[in-house]
Participant: 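The following block contains the structure, expressed as structure tokens.
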Amino acid sequence: MVVVFDAQCLLCHRWVQFLLRHDHRAVFRFAAIQGATGQALLRQAGLQVEGLQTLLLVDGERSWQHSGAIFRILHPLGWPWRAAWLGWLVPAILRDALYRLIARNRYRIFGRTDACMIAPADVKARFLD
């Protein structure tokens, strides 16, 4: 599975760090939207980099965005993260509206960097660009 993320977003950076710390089976690989692989995966999912306000999870031919991507990502991490599936009880229109609100304001709330994240040597092979 490939997590496509905004490498300039500090919230996204922390999310990737969280996944690296908790993905003990190395299920996930990562592609920045600023890289060629990330942009190709976005195009494949029908998304554009400009104005992108979602995380994208790609698993083969299938992809997920917004809160659906978050739930799908947390599931393979096992307990207690798998309990996030309880969030499916909240209607998608509400949870995705909250997701989009945070995504729209992510730079203002969490910060932004002009430099893309540099992968640590021990996990560098999991980054596609």
Participant: Does a side-chain heavy-atom distance below 4.5 Å link R126 with L20?
Facilitator: yes
Participant: State yes or no: do L98 and F110 share one hydrophobic cluster built from I, L, V, M, F, W and Y residues joined by side-chain heavy-atom distances below 4.5 Å, directly or via other members?
Facilitator: yes
Participant: Identify whether Y107 and F5 are in the same connected component of the hydrophobic contact network (ILVMFWY, side-chain heavy atoms under 4.5 Å).
Facilitator: no
Participant: Partners of F71 by ring-ring contact (aromatic ring centres under 6.0 Å, His included), sequence neighbours excluded?
Facilitator: W88
Participant: Would you name the heavy atoms of R25 and P76 that are closest together and state the gap between them?
Facilitator: NH2-O, 3.1 Å
Participant: Nearest 0.5 Å, please: how far is CG in L56 from OG in S63?
Facilitator: 5.0 Å
Participant: Would you name the heavy atoms of V49 and I33 that are closest together and state the gap between them?
Facilitator: CG2-O, 3.9 Å
Participant: Please report the interatomic distance CG(L74) to CH2(W81), rounded to the nearest 0.5 Å.
Facilitator: 8.0 Å
Participant: Taking salt bridge (charged side-chain N to carboxylate O under 4.0 Å, His left out) as the definition, give me every residue that meets it alongside R29, ordered by chain and number, with sequence neighbours left out.
Facilitator: none
Participant: Hey, is the main chain of L55 close enough, under 3.5 Å, to the side chain of Q65 for a donor-acceptor pair?
Facilitator: no
Participant: Hey, what do you get for CG (L77) to CG (L19), rounding to the nearest 0.5 Å?
Facilitator: 6.0 Å
Participant: What pairs meet the side-chain hydrogen bond (donor to acceptor under 3.5 Å, both in side chains) rule with one or both residues in residues 35-51, with sequence neighbours excluded?
Facilitator: T37-D129
Participant: Regarding Q8 and R112, is there a side-chain donor-to-acceptor distance under 3.5 Å anywhere?
Facilitator: yes
Participant: How far apart are the closest heavy atoms of Q53 and A103, and which atoms are they?
Facilitator: O-CB, 3.3 Å
Participant: With sequence neighbours excluded, tell me which residues meet ring-ring contact (aromatic ring centres under 6.0 Å, His included) with W15.
Facilitator: F18
Participant: When hydrophobic residues are tied together by side-chain contacts of less than 4.5 Å, even through go-betweens, does V3 share a cluster with I70?
Facilitator: yes
Participant: With the 4.5 Å side-chain cut-off for hydrophobic clustering, are V4 and L52 part of the same group?
Facilitator: yes
Participant: Who are the side-chain hydrogen bond (donor to acceptor under 3.5 Å, both in side chains) partners of S67, not counting sequence neighbours?
Facilitator: R95, D96
Participant: Please check if V16 and W64 belong to a single hydrophobic cluster, counting links between Ile, Leu, Val, Met, Phe, Trp and Tyr side chain heavy atoms closer than 4.5 Å.
Facilitator: yes
Participant: Can you tell me how far CZ of F28 sits from CG of D23, rounded to the nearest 0.5 angstrom?
Facilitator: 5.5 Å
Participant: What's the shortest heavy-atom distance between F30 and V2, and which atoms?
Facilitator: C-CG1, 4.4 Å
Participant: How would you list, by chain and number, every residue that makes a salt bridge (charged side-chain N to carboxylate O under 4.0 Å, His left out) with R72, sequence neighbours excluded?
Facilitator: none
Participant: Quick check: do I102 and L11 have side-chain heavy atoms less than 4.5 Å from each other?
Facilitator: yes
Participant: Looking at every non-hydrogen atom in both residues, tell me the closest pair between R21 and H24 and how far apart they are.
Facilitator: O-CE1, 3.3 Å
Participant: Out of curiosity, R100 CZ to T54 OG1, how far, rounded to the nearest 0.5 Å?
Facilitator: 9.0 Å
Participant: Calculate, to the nearest 0.5 Å, the distance between atoms CZ and SG belonging to R14 and C9 respectively.
Facilitator: 8.5 Å
Participant: Checking Y99 side chain against L94 main chain: does a donor-acceptor pair fall under 3.5 Å?
Facilitator: no
Participant: Which residue in the set L57, V58, I73 passes side chain to side chain contact (heavy atoms under 4.5 Å, CB included) when paired with M1?
Facilitator: L57
Participant: If you count every heavy atom of other residues, nucleotides or ligands that lies below 6.0 Å from I93 atom CD1, does the total exceed 12?
Facilitator: no
Participant: With a 3.5 Å distance limit and no angle check, can you tell me whether N105 reaches the backbone of R108 through a side-chain donor-acceptor pair?
Facilitator: no
